[in-house]
Amino acid sequence: MKKIKLLMLFALFTTAANAQDYVDIFKLSLNNATLGNIDNDYETSVNNLNMEVYYPKKLSEKAVLLTGFTIENTRLNFSQGAERTSLTMTRLNLGMKYQHSEKWSGTYVFLPKIASDFDNIGSNDFQFGGLAVFDYQYNESYKIKFGLYTSSENHGSTITPLIGLWHRSKDNKFYINATLPIRMDANYALTKKFSFGADLLTSIKSYNLSEFNSDLYTQEESIRFALYAALGLMDNSIILRGKIGFDTTDYAVYNSNEKVGAQILTFPLSTDKRNRLNSEFDSSLYVGFDAIYRFDLTKETK
C-alpha cells in the first residue's frame, strides 16, 4: 500500500522540480502525528524534528561551493509494549553547483551520514549518499530539472530518479518549486506578508538499532503532504508556517542480516524475502510548524 501511494504521488506531481531563485539558509521543522496500526487498535505518538543549515560560497563566475548539514530526530514506539525509541540522522551536505553553459547547470553533492538510535555508534550507523542534478533554464519564468539520488542503507541501496520544474508567475504571486519525488512546495501570495500553499516531503532511509544489543534496523518510508498558511517577516527573510497534512510514514523493523538489495524508489529489484518484526503503521493526519530564514538571490544581482 505504501508503494502504491508513493507511485501515485510521483505520477501526480511529475509535471511539477527544483531550480530556485532563493536559498533557505536555515530551516527548522516540527511535526507531530499519531500513527495507528493496521493489525490492531494500538497507536503511537510520532514526534519529528528536522533542522537544515546551508552555506553556499561563490568560488568563481561558474562555480558555487555548497556546504551544510541536516539533523533529524524522530521519537516513537515501534510496537505495543516496546520502549520509546529515539532515531537520529546527522548528515553533511558537501558539493558544488557549476554553470556549464548559458542554459545548463549541474549540482553535485556528497551526502555522508550517521543514522541510528545513537546508543552504540558502529560501522552499521554510517551510510553514504550522492546527488547529481542537471537543470535547464527554459526562460525567466521556467526551469526544468532532472537527475539521480542514491544512498547506501541498512536494507541495501536506494536509487531515486529525480524530475522537476520551477515556475514563478509574472505577477510574482504564484510560485512552485519541486524536486520530485523528494519534495515539492507551491504557494500563492495573498499579500506581501501572507500566503497559503502546499508541500510534499518524502524519504526512504534506514536507522541502525543498537540499543540493548538488538542487532536490528528500521526502514523508514515517509510521505508527508500538507497545506499551510505562512507569515513573512523582515521583507520575507523570515517565514513562519503552520501546517496540517496527511502522514503515511511507516517504520518497518528487520534483523540486521536481512537485506533487500538495490531498490528504485520503494520497489526492490529482487524479491524481498525479509521477515518484518512489527506491524505496518496506518496513515494519519499530522500538524507541523516551520521556521525558515531565506536569502533572496535576486537581490544580489540587482
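None of these values were measured; they are calculated from a predicted model. Scope of the values below: all heavy atoms of this structure, side chains included, with no hydrogens, waters or symmetry mates.
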**Student:** Between Glu220 and Ser203, does a side chain to side chain contact (heavy atoms under 4.5 Å, CB included) hold up when you go through it step by step?
**Tutor:** CA-CA 7 Å; Glu220 174 192 304; Ser203 69; 2.8 Å; yes
**Student:** Roughly how far, to the nearest 0.5 Å, is the CZ atom of Phe26 from the CG atom of Leu28?
**Tutor:** 5.0 Å
**Student:** Do Gln99 and Ser101 have side chains that approach each other closer than 4.5 Å (heavy atoms only, starting at C-beta)?
**Tutor:** no
**Student:** Would you say the side chain of His155 lies within less than 4.5 Å of the side chain of Gln263, judging by non-hydrogen atoms?
**Tutor:** yes
**Student:** So how far is it from Lys143 NZ to Ser105 OG, rounded to the nearest 0.5 Å?
**Tutor:** 7.5 Å
**Student:** Show the nearest heavy-atom pair for residues Asn208 and Asn154, with the distance to one decimal.
**Tutor:** N-OD1, 3.8 Å
**Student:** Closest approach of Glu140 and Gln137, non-hydrogen atoms and distance?
**Tutor:** CA-NE2, 4.3 Å
**Student:** Identify the heavy atoms of Ser86 and Asn73 that sit nearest to each other, and give their distance.
**Tutor:** OG-ND2, 2.8 Å
**Student:** Can you pull out every salt bridge (charged side-chain N to carboxylate O under 4.0 Å, His left out) where at least one residue sits in residues 93-113? Sequence neighbours excluded, please.
**Tutor:** Lys97-Asp135, Lys113-Glu153
**Student:** To the nearest 0.5 Å, what is the distance between OH (Tyr251) and OG1 (Thr249)?
**Tutor:** 4.5 Å
**Student:** Ignoring hydrogens and angles, tell me if any N or O in the side chain of Ser79 forms a donor-acceptor pair with the backbone of Ala82 under 3.5 Å.
**Tutor:** no
**Student:** Under the side-chain hydrogen bond (donor to acceptor under 3.5 Å, both in side chains) criterion, do Ser210 and Asn120 qualify, and how do the steps go?
**Tutor:** CA-CA 6 Å; Ser210 57; Asn120 185 19; 5.5 Å; no
**Student:** Tell me, which pairs form a ring-ring contact (aromatic ring centres under 6.0 Å, His included) where one or both residues lie in residues 119-141, sequence neighbours left out?
**Tutor:** Trp104-Tyr136, Tyr108-Phe134
**Student:** Where is the tightest heavy-atom contact between Asn77 and Thr44, given as atom of each residue plus distance?
**Tutor:** N-OG1, 3.0 Å
**Student:** Taking all atoms of both residues into account, what is the closest heavy-atom pair of Ala115 and Met89, and its distance?
**Tutor:** CB-CG, 4.1 Å
**Student:** Rounded to the nearest 0.5 Å, how far does NZ of Lys145 lie from CH2 of Trp166?
**Tutor:** 11.5 Å
**Student:** Not counting sequence neighbours, which residues clear ring-ring contact (aromatic ring centres under 6.0 Å, His included) with Tyr142? List them please.
**Tutor:** His167
**Student:** Is there a donor-acceptor contact under 3.5 Å from the side chain of Ser169 to the main chain of Phe174?
**Tutor:** yes
**Student:** Heavy atoms, side chains only, cut-off 4.5 Å: are Leu30 and Asn48 in contact?
**Tutor:** no
**Student:** Within the distance-only criterion (no hydrogens, no angle test), does the side chain of Ser284 pair as donor or acceptor with the backbone N or O of Thr34 below 3.5 angstrom?
**Tutor:** yes
**Student:** So which heavy atom on Asp119 is nearest to which on Glu211, and how close?
**Tutor:** OD2-CA, 3.4 Å
**Student:** Can you sort out the partners of Asp117 under salt bridge (charged side-chain N to carboxylate O under 4.0 Å, His left out), two or more places apart, ordered by chain and number?
**Tutor:** none
**Student:** Please list all pairs meeting salt bridge (charged side-chain N to carboxylate O under 4.0 Å, His left out) that have one or both residues in residues 68-79, counting only residues at least two apart or in different chains.
**Tutor:** Glu72-Lys205
**Student:** Does some side-chain heavy atom of Tyr54 sit less than 4.5 Å from a side-chain heavy atom of Thr70?
**Tutor:** yes
**Student:** For Arg276, check salt bridge (charged side-chain N to carboxylate O under 4.0 Å, His left out) against everything at least two apart and list the hits.
**Tutor:** Asp250
**Student:** Hydrophobic cluster membership, with links at side-chain heavy-atom distances under 4.5 Å among I/L/V/M/F/W/Y: are Leu231 and Phe289 in one?
**Tutor:** yes
**Student:** For the hydrophobic clusters of this structure (ILVMFWY residues joined by side-chain heavy atoms under 4.5 Å, transitively), does one cluster hold both Tyr228 and Tyr293?
**Tutor:** no
**Student:** What distance do Leu265 atom CG and Thr158 atom OG1 have between them, rounded to the nearest 0.5 Å?
**Tutor:** 9.0 Å
**Student:** Given side chains that start at C-beta, do those of Leu162 and Pro181 come closer than 4.5 Å, heavy atoms only?
**Tutor:** yes
**Student:** Side chains of Phe246 and Ile223: closer than 4.5 Å at any heavy-atom pair?
**Tutor:** no
**Student:** Is the shortest side-chain heavy-atom distance between Leu190 and Lys173 below 4.5 Å?
**Tutor:** no
**Student:** For Arg91, check salt bridge (charged side-chain N to carboxylate O under 4.0 Å, His left out) against everything at least two apart and list the hits.
**Tutor:** none
**Student:** According to a hydrophobic-cluster definition based on side-chain heavy atoms being under 4.5 Å apart (Ile, Leu, Val, Met, Phe, Trp, Tyr only), do Ile114 and Leu216 belong together?
**Tutor:** no
**Student:** For Asn40, does the CG atom sit with more than 12 other heavy atoms under 6.0 Å from it, leaving out its own atoms?
**Tutor:** yes
**Student:** Determine whether the side chains of Ser29 and Asp290 contain a donor N or O and an acceptor N or O closer than 3.5 Å.
**Tutor:** yes
**Student:** Which other residues belong to the hydrophobic cluster containing Ile239, where Ile, Leu, Val, Met, Phe, Trp and Tyr are joined when side-chain heavy atoms lie under 4.5 Å apart, directly or via other members?
**Tutor:** Ile292
**Student:** Arg274: what forms a salt bridge (charged side-chain N to carboxylate O under 4.0 Å, His left out) with it, not counting sequence neighbours?
**Tutor:** Asp272
**Student:** Rounded to the nearest 0.5 Å, how far apart are CG of Leu35 and CG of Asp282?
**Tutor:** 8.5 Å
**Student:** Determine whether Thr202 and Arg183 make a side-chain contact, defined as any pair of heavy atoms from C-beta on separated by less than 4.5 Å.
**Tutor:** no
**Student:** Please check if the number of heavy atoms outside Phe110 that lie under 6.0 Å from its CZ is greater than 12.
**Tutor:** yes
**Student:** Quick one: ring-ring contact (aromatic ring centres under 6.0 Å, His included) partners of Tyr217, sequence neighbours excluded?
**Tutor:** Tyr254
**Student:** Can you get from Leu49 to Phe118 by hopping between Ile, Leu, Val, Met, Phe, Trp and Tyr side chains that sit under 4.5 Å apart?
**Tutor:** no
**Student:** Would Tyr98 and Val64 count as a side chain to side chain contact (heavy atoms under 4.5 Å, CB included) if you check the C-alpha gap in whole Å, the side-chain angles of each, and the deciding distance to 0.1 Å?
**Tutor:** CA-CA 7 Å; Tyr98 191 82; Val64 176; over 6 Å; no
**Student:** Between the main-chain N or O of Tyr55 and the side-chain N or O of Thr67, is there a donor-acceptor pair closer than 3.5 Å?
**Tutor:** yes
**Student:** Would you please name every residue forming a side-chain contact (heavy atoms from CB on, under 4.5 Å) with Asn257, sequence neighbours left out?
**Tutor:** Asn255
**Student:** Main chain of Phe194, side chain of Thr191: is a donor-acceptor contact present, judged purely on distance under 3.5 Å?
**Tutor:** yes
**Student:** Treat each ILVMFWY residue as a node, draw an edge where side-chain heavy atoms are under 4.5 Å apart, and state whether Tyr286 and Leu201 are in one component.
**Tutor:** no
**Student:** Please determine whether salt bridge (charged side-chain N to carboxylate O under 4.0 Å, His left out) holds for the pair Lys192 and Asp235, giving the CA-CA distance in whole Å, both sets of side-chain angles, and the decisive distance to 0.1 Å.
**Tutor:** CA-CA 8 Å; Lys192 290 183 178 180; Asp235 198 21; over 6 Å; no
**Student:** Report the C-alpha separation of Arg241 and Asp185 in whole Å, then their side-chain angles, then the decisive distance to 0.1 Å, and conclude whether the salt bridge (charged side-chain N to carboxylate O under 4.0 Å, His left out) test is met.
**Tutor:** CA-CA 12 Å; Arg241 292 176 176 172; Asp185 184 7; 2.8 Å; yes
**Student:** In the hydrophobic cluster built from side-chain contacts under 4.5 Å, what are the other members alongside Leu65?
**Tutor:** Leu59, Met96
**Student:** With a 3.5 Å distance limit and no angle check, can you tell me whether Asn278 reaches the backbone of Val253 through a side-chain donor-acceptor pair?
**Tutor:** yes
